[in-house]
Undergrad: 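Quick one: structure below, then a few questions.
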Amino acid sequence: MKKTLVAIAALAVVGAASAQSSVTLYGRIDASIGSQKTKVGGTTIADGGALIRSGGHTGSRWGMKGSEDLGGGLKAIFQLEQGFNVDDGTASAAARQFHRQAYAGLSGGFGSLTVGRQYDPIDNMYGAHDAFGYSGYGAMNYVFNSNCATLGLPAGSQGPGDCIGRQNNSVFYATPDMGGFSAGVMWAPGENKVPGVVSAGKMWGLQAGYMNGPINIGGAWQRNELTGNSIAVKNWEFGGSYDLAVAKLFLQFEGSKIGGATNAKDTGFQIGAVIPLGAPSLMVSYARENQKAGGAKYAEATGFSLMAQYPLSKRTYVYAAYLRGEVDPTAAGVGTTQQRNFGLGLVHNF
């Protein structure tokens, strides 16, 4: 009898501990068949033919997230997320184990405070105000990122169009929902400092928004140091959406500036809509951006996207997507870059 009571008590303790903490394994697989063709000045420079692609629409990833109840409404939280390529089984960023997200922190009535590698404020707003939700086929994604390589921004840096979207070594505070209003602030100190020089990686940014019924509006601003005090990148975004039931409309504006000798700027906008058609849905988006360097316009980027989705279940859907993107330089004798993407794919969430 005593042994039975001890066993029951032990099980009760284990059950209570389990109820106070949880870990969730989750992920997403995006597998598709498609094509991507690029022309410059009317001449094809890249055409891979039929392609088996991973993450063409939304990045394939797996991760773990969890929380522990610390009492008084306070929780310890964490999230680790890694991208992968389902077409060949490799990691999508070989140099990083959890390159998509890796953070830990606390949450409660005060909001949340997290530390690690996280999405930055600009990226948070881009996705919230894009009809495609920051898709690889999205016009916004193509246009706002089109001048990163032209400006020679290093891999992993933030720049015009917020070329990467995640911030290392960051601290992010998010307020709780306050009658529809919410805000957040991110700070990263930069590392490997030497006297008189601020290392690459230093940043700070703000975001704020309001959601109530069919309305969702918000904006963000941030400043990133690339290679020290001489080069600072500033980004801003403002946008929103309105759900009319027959269609959900999206609109956003953005701008960026690089200081130092580059002296580059860009300003752009994106409009889009998600149209429910019973079970399937149709998404359409158009984006445009003017790009300047040294005070003079050097290119104009435009993009048009169309996607149809059909749900097979609550966690699985198929899609057909098309992206037409162009970057038209102003300089004489420089050909227009044209890109055409097609894709038929399946997304499974687990």
Side-chain angles (χ1 to χ4, degrees), residues 13-29 55 58-84 91-128 133-134 155-158 162-178 181-193 198-209 218 220-225 349-350:
V13 171
V14 172
S18 299
Q20 293 173 359
S21 63
S22 65
V23 175
T24 301
L25 176 67
Y26 69 94
R28 176 180 299 168
I29 300 174
T58 177
S60 299
R61 82 287 302 259
W62 75 274
M64 297 176 289
K65 58 184 177 181
S67 66
E68 180 187 10
D69 190 346
L70 303 177
L74 187 65
K75 292 183 178 181
I77 57 175
F78 80 92
Q79 186 165 0
L80 300 171
E81 187 174 280
Q82 181 187 45
F84 62 87
S92 54
R96 300 179 189 268
Q97 186 68 30
F98 294 104
H99 75 281
R100 293 185 61 90
Q101 297 184 82
Y103 66 79
L106 298 171
S107 69
F110 66 92
S112 64
L113 182 68
T114 50
V115 179
R117 177 172 169 84
Q118 307 169 79
Y119 289 104
D120 61 37
I122 289 290
D123 196 70
N124 289 335
M125 293 296 102
Y126 274 172
Y134 220 143
S157 69
Q158 275 78 7
D162 193 22
C163 303
I164 189 65
R166 298 176 180 90
Q167 180 63 47
N168 294 332
N169 312 307
S170 65
V171 180
F172 184 63
Y173 168 69
T175 69
D177 185 291
M178 299 173 290
F181 289 95
S182 62
V185 58
M186 177 175 281
W187 170 72
E191 298 186 356
N192 302 316
K193 294 183 179 180
V198 178
S199 67
K202 182 179 181 181
M203 70 83 66
W204 71 279
L206 304 166
Q207 67 181 65
W221 180 94
Q222 71 186 49
R223 172 192 169 105
N224 293 77
E225 298 284 353
N349 296 287
F350 62 89

Undergrad: If the condition is side chain to side chain contact (heavy atoms under 4.5 Å, CB included), which residues does Leu206 pass it with, not counting sequence neighbours?
TA: Val185, Trp204
Undergrad: Could you work out, with side chain to side chain contact (heavy atoms under 4.5 Å, CB included) as the rule, every residue matching Ala174, not counting sequence neighbours?
TA: Ser112, Phe172
Undergrad: Got a sec, which residues hit side chain to side chain contact (heavy atoms under 4.5 Å, CB included) with Ala188, two or more places apart in sequence or on another chain?
TA: Gln167, Ser170, Met203
Undergrad: Which heavy atom in Gly205 sits nearest to a heavy atom in Pro121, and how many Å separate them?
TA: C-CG, 3.9 Å
Undergrad: Checking Trp62 now: which residues fulfil side chain to side chain donor-acceptor pair (under 3.5 Å) with it, not counting sequence neighbours?
TA: Gln82
Undergrad: Can you find a pair of side-chain heavy atoms, one from Leu70 and one from Leu106, that are under 4.5 Å apart?
TA: yes
Undergrad: For Tyr173, enumerate each residue passing the side chain to side chain donor-acceptor pair (under 3.5 Å) test, keeping only those at least two apart in sequence or located in another chain.
TA: none
Undergrad: Hey, does Tyr26 have a side-chain heavy atom less than 4.5 Å from the side chain of Asn349?
TA: no
Undergrad: Taking side chain to side chain contact (heavy atoms under 4.5 Å, CB included) as the definition, give me every residue that meets it alongside Leu80, ordered by chain and number, with sequence neighbours left out.
TA: Met64, Phe78, Phe98, Ala102
Undergrad: List in chain and number order the residues that pass side chain to side chain donor-acceptor pair (under 3.5 Å) with Ser182, two or more places apart in sequence or in another chain; answer none if no residue qualifies.
TA: none
Undergrad: Could you report the tightest heavy-atom contact between Tyr103 and Gln79, atom names first, then the distance?
TA: OH-OE1, 2.8 Å
Undergrad: Is the shortest distance from a Lys or Arg side-chain nitrogen in Glu225 or Lys202 to a carboxylate oxygen in the other one below 4.0 Å?
TA: no
Undergrad: Please name all residues satisfying ring-ring contact (aromatic ring centres under 6.0 Å, His included) with Phe181, sequence neighbours left out, ordered by chain then number.
TA: Tyr210
Undergrad: Ignoring hydrogens, what is the shortest heavy-atom contact between Phe84 and Ser92? Give both atom names and the distance.
TA: N-OG, 3.5 Å
Undergrad: How would you list, by chain and number, every residue that makes a side chain to side chain donor-acceptor pair (under 3.5 Å) with Ser107, sequence neighbours excluded?
TA: none
Undergrad: Just wondering, do Met186 and Asn124 contact through their side chains at under 4.5 Å, heavy atoms?
TA: no
Undergrad: Main chain of Ala183, side chain of Thr175: is a donor-acceptor contact present, judged purely on distance under 3.5 Å?
TA: yes
Undergrad: Rounded at 0.5 Å granularity, tell me how far CZ in Arg166 sits from NE2 in His99.
TA: 5.5 Å
Undergrad: Hey, could you give me the OG1/CD distance between Thr114 and Gln101, rounded to the nearest 0.5 Å?
TA: 9.5 Å
Undergrad: Taking only residues two or more places apart in sequence or in another chain, which ones pass salt bridge (Lys or Arg N to Asp or Glu O under 4.0 Å) with Arg28?
TA: none
